[in-house]
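Remember, it's a predicted structure, so these values are computed and weren't measured experimentally. Read the numbers this way: they start at 1 and go in the same order the structure lists the ligands and their atoms.
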Amino acid sequence: MNLYPLAKPFIGLIGPETAHRLTVRALAMGLGPNVPTSADPILKTMLWGREFASPIGLAAGFDKHGEAIAASLALGFGFTEIGSITPKPQPGNPRPRVFRLTRDRAVINRYGFNSEGTEAAARRLRAYRDGGGTGLLGVNLGKNKESEDAALDYAKGAAALGRFADYVVVNVSSPNTPGLRALQGKDELAAIVARTRDALPGPAPPLLVKLAPDLTQEDKHHIAAVALDAPVDGLIISNTTTARPDGLKSPHANEAGGLSGAPLMAPSTALLAEFFALTKGKLPLIGVGGIASAADAYAKIRAGASLVQLYTAMVFEGPGLVPAITHGLADLLRRDGFASVADAVGADGTRQASAADR
Ligand SMILES: Cc1cc2nc3c(=O)[nH]c(=O)nc-3n(C[C@H](O)[C@H](O)[C@H](O)COP(=O)(O)O)c2cc1C
């Protein structure tokens, strides 16, 4: 059942946070569509010993508390990522804290890690797995605002939730927790990755780091070195941006917070290509930021992404976007003579690599 076409005019009238809550609740109650994940063999992607039927996933921040795992996957995604989850429950920033930039096909949010905490998440994840849920699931970890020991927070999240996850994400890139993005610094990041990995229960799931798009050249080189040395199992590029690209037309364009959606497509894809070059194609990358079409998803793959994710475009286009992108991506791969997603990963890389070497 797809109620979205009926609900869309109504959703546009209510505040974005209320719309977000209602959508998650409706999905959790089983009111969402039930789109089988594509069985097109060209989209099948093997990564970290897991088989992704489709490389298109739901990005973190939609199902922050793990309330609608099965229903999110039933939108047609190949995987979903819940979180960010902090060790202790915390309320996040005061409202309003989410803004639609409709004319720009963008959102600004400053939720600030509103989280029900790891205990509540563990209960839901256990229920999902015990109920036979086998969907591919990333668990995205954050830190509590008041915590003095960030590495300990990520380690706590890993210890509590790692056993349920197909991959675990250290999120050091949300712009709405003071000091968080400084954890992308070389020594801080290496320490966090080491302590988080030590805390993961065996058999340990892959450990990924999610990056901000607003990095200096020095940051990028340090992060790539840590990612290869630590090592981590992959990078997610990127989170929302604190930049406000020229030309934003919406009245909310200057709200504080992280910008996502269409204006993030070009900068996050450029960063993805840079990291593909900096890590010499050795690390799996998940490309996220501004995907609203099959061509966008394909551009991320050609820039170096093995998997992609989206969130904001669904706010404007509804869930029908997922099967449309999925089928369109398969068509684009065939058009260009690729036999699989993996074949196309980094296809634009030669040009990018030589640009990064200059
Ligand atoms: C309302 C909202 C909340 C988000 N919350 C989180 C979060 O808790 N953790 C995280 O890692 N990313 C979060 N994100 C970032 C997304 O996962 C994604 O990286 C970003 O929005 C870019 O993708 P998009 O342009 O397809 O939305 C959030 C994004 C939005 C729009």
Side-chain angles (χ1 to χ4, degrees), residues 15-21 23-24 56-66 72 77 79-86 90 92-93 95-101 104-116 121 138-143 145 154 157 167-177 180-181 183-184 208-214 235-243 245 252 255 257-269 271-272 285-293 296-297 299-300 305 307-317 321-322 325:
E17 179 160 354
T18 307
H20 179 191
R21 285 294 320 143
T23 308
V24 174
I56 299 162
L58 177 58
F62 175 74
D63 188 7
K64 278 184 184 269
H65 319 298
S72 299
F77 287 111
F79 64 108
T80 182
E81 186 174 312
I82 67 163
S84 295
I85 299 161
T86 57
Q90 63 174 31
N93 287 323
R95 298 182 193 197
R97 52 192 181 175
V98 197
F99 305 87
R100 284 192 206 99
L101 280 62
D104 302 301
R105 287 292 196 252
V107 163
I108 290 176
N109 92 81
R110 51 170 181 267
Y111 268 115
F113 287 165
N114 55 315
S115 176
E116 294 180 3
V139 174
N140 180 310
L141 304 174
K143 73 172 270 290
K145 185 177 177 189
Y154 293 104
Y167 67 88
V168 166
V169 184
V170 166
N171 175 14
V172 281
S173 49
S174 286
N176 305 310
T177 295
L180 192 83
R181 288 174 305 152
L183 302 175
Q184 294 172 118
L208 282 70
V209 174
K210 184 164 177 179
L211 302 179
D214 315 303
L235 296 171
I236 304 187
I237 302 170
S238 74
N239 216 310
T240 58
T241 179
T242 52
H252 290 305
E255 288 290 345
L259 176 75
S260 57
L264 185 57
M265 175 66 199
S268 65
T269 308
L271 186 70
L272 174 71
L285 306 177
I286 300 184
V288 51
I291 293 178
S293 67
D296 293 340
K300 298 261 190 212
L307 300 172
V308 298
Q309 297 173 315
L310 61 91
Y311 177 175
T312 301
M314 239 182 24
V315 171
F316 298 106
E317 306 297 334
L321 186 66
V322 184
I325 292 182

Peer 1: Could you label the plane-to-plane angle of the Tyr111 and His20 rings as parallel, tilted or perpendicular, counting under 30° as parallel and over 60° as perpendicular?
Peer 2: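 If you compare the ring of Tyr111 with that of His20, the planes turn out perpendicular.
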Peer 1: So, using side-chain hydrogen bond (donor to acceptor under 3.5 Å, both in side chains) as the criterion, who are the partners of Asn93 when residues are at least two apart?
Peer 2: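 Applying side-chain hydrogen bond (donor to acceptor under 3.5 Å, both in side chains) to Asn93 gives none.
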Peer 1: Under the ring-ring contact (aromatic ring centres under 6.0 Å, His included) test, which residues partner His65, sequence neighbours left out?
Peer 2: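 So His65 forms no ring-ring contact (aromatic ring centres under 6.0 Å, His included) with any residue.
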Peer 1: Between the protein and ligand 1, which nitrogen or oxygen pairs come in under 3.5 Å, and how far apart is each?
Peer 2:
unit_1	atom_1	unit_2	atom_2	d
ligand 1	5 (N)	Lys64	NZ	3.3
ligand 1	8 (O)	Lys64	NZ	2.9
ligand 1	8 (O)	Ser84	N	3.0
ligand 1	8 (O)	Ser84	OG	3.4
ligand 1	9 (N)	Ser84	OG	2.8
ligand 1	9 (N)	Asn171	ND2	3.4
ligand 1	11 (O)	Asn140	ND2	2.9
ligand 1	11 (O)	Asn171	ND2	3.1
ligand 1	11 (O)	Lys210	NZ	3.1
ligand 1	12 (N)	Lys210	NZ	3.1
ligand 1	14 (N)	Ala60	O	3.4
ligand 1	17 (O)	Ala60	N	3.4
ligand 1	17 (O)	Ala60	O	2.7
ligand 1	17 (O)	Lys210	NZ	2.8
ligand 1	19 (O)	Lys210	NZ	3.0
ligand 1	19 (O)	Ser238	O	3.0
ligand 1	25 (O)	Gly261	N	2.8
ligand 1	25 (O)	Gly290	N	2.7
ligand 1	26 (O)	Tyr311	N	3.0
ligand 1	27 (O)	Thr312	N	2.9
ligand 1	27 (O)	Thr312	OG1	2.6

Peer 1: Report, as yes or no, whether the 6.0 Å neighbourhood of atom CZ on Arg95 holds more than 12 heavy atoms from other residues, nucleotides or ligands.
Peer 2: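 Not buried by this count: 12 neighbours or fewer within 6.0 Å.
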Peer 1: Keeping Lys300 on the side-chain end and Ser268 on the backbone end, is there a donor-acceptor pair under 3.5 Å?
Peer 2: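 Not at all, since once roles are kept as given, no pair shorter than 3.5 Å links the two residues.
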Peer 1: Under the ring-ring contact (aromatic ring centres under 6.0 Å, His included) rule, collect the residues that match up with Phe113, sequence neighbours excluded.
Peer 2: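 Phe113 satisfies ring-ring contact (aromatic ring centres under 6.0 Å, His included) with no residue once adjacent residues are dropped.
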